[in-house]
Asker: 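Mind looking over this structure? Questions follow.
The sequence lines fix the lettering, A, B, ..., with proteins before strands; numbering per chain opens at 1. Bear in mind that the values here come from a model prediction, so they are computed numbers and not experimental data.
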Protein chains: 2
Amino acid sequence: MTDQPHDRTDASLIALRRILRATELYARDLAQAAGLTPAQLRVLQIVAARGGSTTPKALATQMGVSQATVTALVDKVVARGMAVRERSDQDRRQTNVVITEAGRGALQEAPDALQQRYVRAFEKLADWEQAQILASLERIAAMLDAEGFDASPVLTTGEIKAGDRPG
Amino acid sequence: MTDQPHDRTDASLIALRRILRATELYARDLAQAAGLTPAQLRVLQIVAARGGSTTPKALATQMGVSQATVTALVDKVVARGMAVRERSDQDRRQTNVVITEAGRGALQEAPDALQQRYVRAFEKLADWEQAQILASLERIAAMLDAEGFDASPVLTTGEIKAGDRPG
DNA sequence: TATATTGCTTCGTTAGGCTAAGTATAGCTT
DNA sequence: AAGCTATACTTAGCCTAACGAAGCAATATA
């Protein structure tokens with residue numbers, strides 16, 4: 001591979017695609033292993049990350065989908081016994097989606113598509129390399145979120161807690 | 001943000017998620033602008049990148065989906081007049097999916113979800129920073145494709161040609 | 001009390017994905 | 001030449017995910 005700036009743009013795009021692709025394909029596999037589809041798994045992950053209970057509204061915001069979609073997804077995880085709906089006492093219009101023991105079990109089977117494979121590899125890297133990769137990723141994320149496009153509304157460190165990780 | 005290795009793992013995962021999310025949301029918008037869905041747009045992009053004509057088999061391999069899925073997607077881009085099917089002369093079992101002028105027009109409206117926003121920003125970066133980001137991305141891509149998971153079968157530089165890029 | 005507004009669900013539709021089964025062509029084997 | 005077997009696609013039928021519109025119930029506000 002040559003080193004002209006032009007080629008670097010192409011090469012970085014290709015690498016980005018490989019990352020996207022690997023993640024997408026792996027997500028299918030993992031979700032299948034846990035008896036859940038990727039979208040349903042995401043629901044459980046978010047509920048767990050929010051302390052085991054959250055509202056459909058919050059799920060919709062965080063996932064970037066409509067409430068109607070969340071209703072359908074919650075129906076399915078509820079049907080599989082991995083969560084239950086409970087009416088809120090504070091505001092009786094609200095429903096809390098509460099993860100069950102079965103749900104937590106499923107999450108442990110398939111903790112996270114990205115985490116499972118990425119964390120293992122990342123933590124083997126040399127210190128300087130980890131630092132460099134982190135800086136690059138943050139740069140890219142900033143480049144992509146910026147430009148007036150309102151992505152990633154609620155994605156904070158809360159979503160991925162150290163305690164969730166294996167190892 | 002502190003600098004402990006642990007935090008770096010979390011932070012890099014968060015950045016990776018932001019990238020994935022921004023890409024996914026932006027893909028919808030762009031595809032909508034071109035009058036195509038993201039998957040249909042991908043079909044056209046691959047056909048164009050392969051010189052304006054390719055087979056369903058090649059599309060399926062490159063996209064990582066079944067041939068039946070490709071048939072359905074090709075049906076849709078054909079229905080929109082953005083491609084046509086032509087029987088191959090060499091092997092009459094094969095069909096060539098050939099992009100039309102309308103298809104090329106649509107591609108120019110929405111060249112690429114990743115490209116559109118990424119290339120602009122990337123090419124503004126300092127030389128050393130481009131090099132660092134590229135190295136990091138390639139490292140991550142290698143980390144993710146590896147581990148015995150057979151992702152990204154045919155994703156080579158052929159997919160994204162310099163000529164496709166704006167600027 | 002009457003009228004929003006909010007939170008969620010239901011309904012109907014579209015898209016993308018799969019597997020299984022079918023059709024047509026190509027390539028062997030005998 | 002006849003008869004497998006493999007390849008390339010399509011068809012049919014199913015599932016999941018997503019949406020918007022419309023509905024219902026509870027809260028907030030006038």
Asker: To the nearest Å, how far apart are A/Arg42 CZ and D/dT16 P?
Answerer: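 Checked: the CZ to P distance equals 16 Å.
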
Asker: Just the rounded figure in Å: distance from P of D/dC15 to CG of A/Leu36.
Answerer: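 From A/Leu36 CG to D/dC15 P: 17 Å.
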
Asker: Would you say A/Thr69 places a side-chain N or O within less than 4.0 Å of OP1 or OP2 belonging to D/dA17?
Answerer: no

Asker: B/Asp89 CG to C/dA24 P: how many Å, rounded?
Answerer: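 Going from CG in B/Asp89 over to P in C/dA24 covers 19 Å.
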
Asker: What is the distance, to the nearest angstrom, from the CD atom on B/Gln40 to the C1' atom on C/dT14?
Answerer: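 Distance, rounded to whole Å: 11 Å.
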
Asker: With the sugar-phosphate defined as primed atoms, P, OP1 and OP2, and the base as all remaining atoms, what B/S/- string results for nucleotides 3-10 of chain C, 5' to 3', for protein heavy atoms under 4.0 Å?
Answerer: --BBSBBB

Asker: I'd like a table of donor-acceptor pairs (distance under 3.5 Å, sequence neighbours excluded) in which one partner is a side-chain atom from residues 70-83 of chain A, with atom names and distances.
Answerer:
| unit_1 | atom_1 | unit_2 | atom_2 | d |
| --- | --- | --- | --- | --- |
| A/Thr71 | OG1 | A/Gln67 | O | 3.2 |
| A/Asp75 | OD1 | A/Arg85 | NH1 | 3.0 |
| A/Asp75 | OD1 | A/Arg85 | NH2 | 2.9 |
| A/Arg80 | NE | A/Gly35 | O | 3.3 |

Asker: Taking only side-chain nitrogens and oxygens of B/Ser66, does any of them come within less than 4.0 Å of OP1 or OP2 of C/dC18?
Answerer: yes

Asker: For A/Gln90 and D/dA26, give me the distance from atom CD to atom C1', rounded to whole Å.
Answerer: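 Going from CD in A/Gln90 over to C1' in D/dA26 covers 14 Å.
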
Asker: Measure across A/Thr54 and A/Arg50 and return the closest heavy-atom pair with its distance rounded to 0.1 Å.
Answerer: OG1-CD, 3.4 Å

Asker: With a 4.0 Å cutoff (strictly under), does any side-chain N or O of A/Lys76 reach OP1 or OP2 of D/dC15?
Answerer: no

Asker: Could you tell me the separation between the CD atom of B/Glu129 and the OG atom of A/Ser136, rounded to the nearest 0.5 Å?
Answerer: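 So the CD of B/Glu129 and the OG of A/Ser136 are separated by 8.0 Å.
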
Asker: Round to the nearest Å and state the distance from B/Arg92 atom CZ to D/dT10 atom P.
Answerer: 14 Å

Asker: Which heavy-atom pair separates A/Phe122 from A/Gln130 by the least distance, and what is that distance?
Answerer: O-NE2, 3.0 Å

Asker: Do A/Asn96 side-chain atoms and A/Val98 backbone N/O form a donor-acceptor pair below 3.5 Å?
Answerer: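 Judged by distance alone, no pair lies under 3.5 Å.
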
Asker: Is a side-chain N or O of A/Ser12 found less than 3.5 angstrom from the main chain of A/Arg8, in a donor-acceptor match?
Answerer: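 Looks like yes, one N/O pair under 3.5 Å.
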
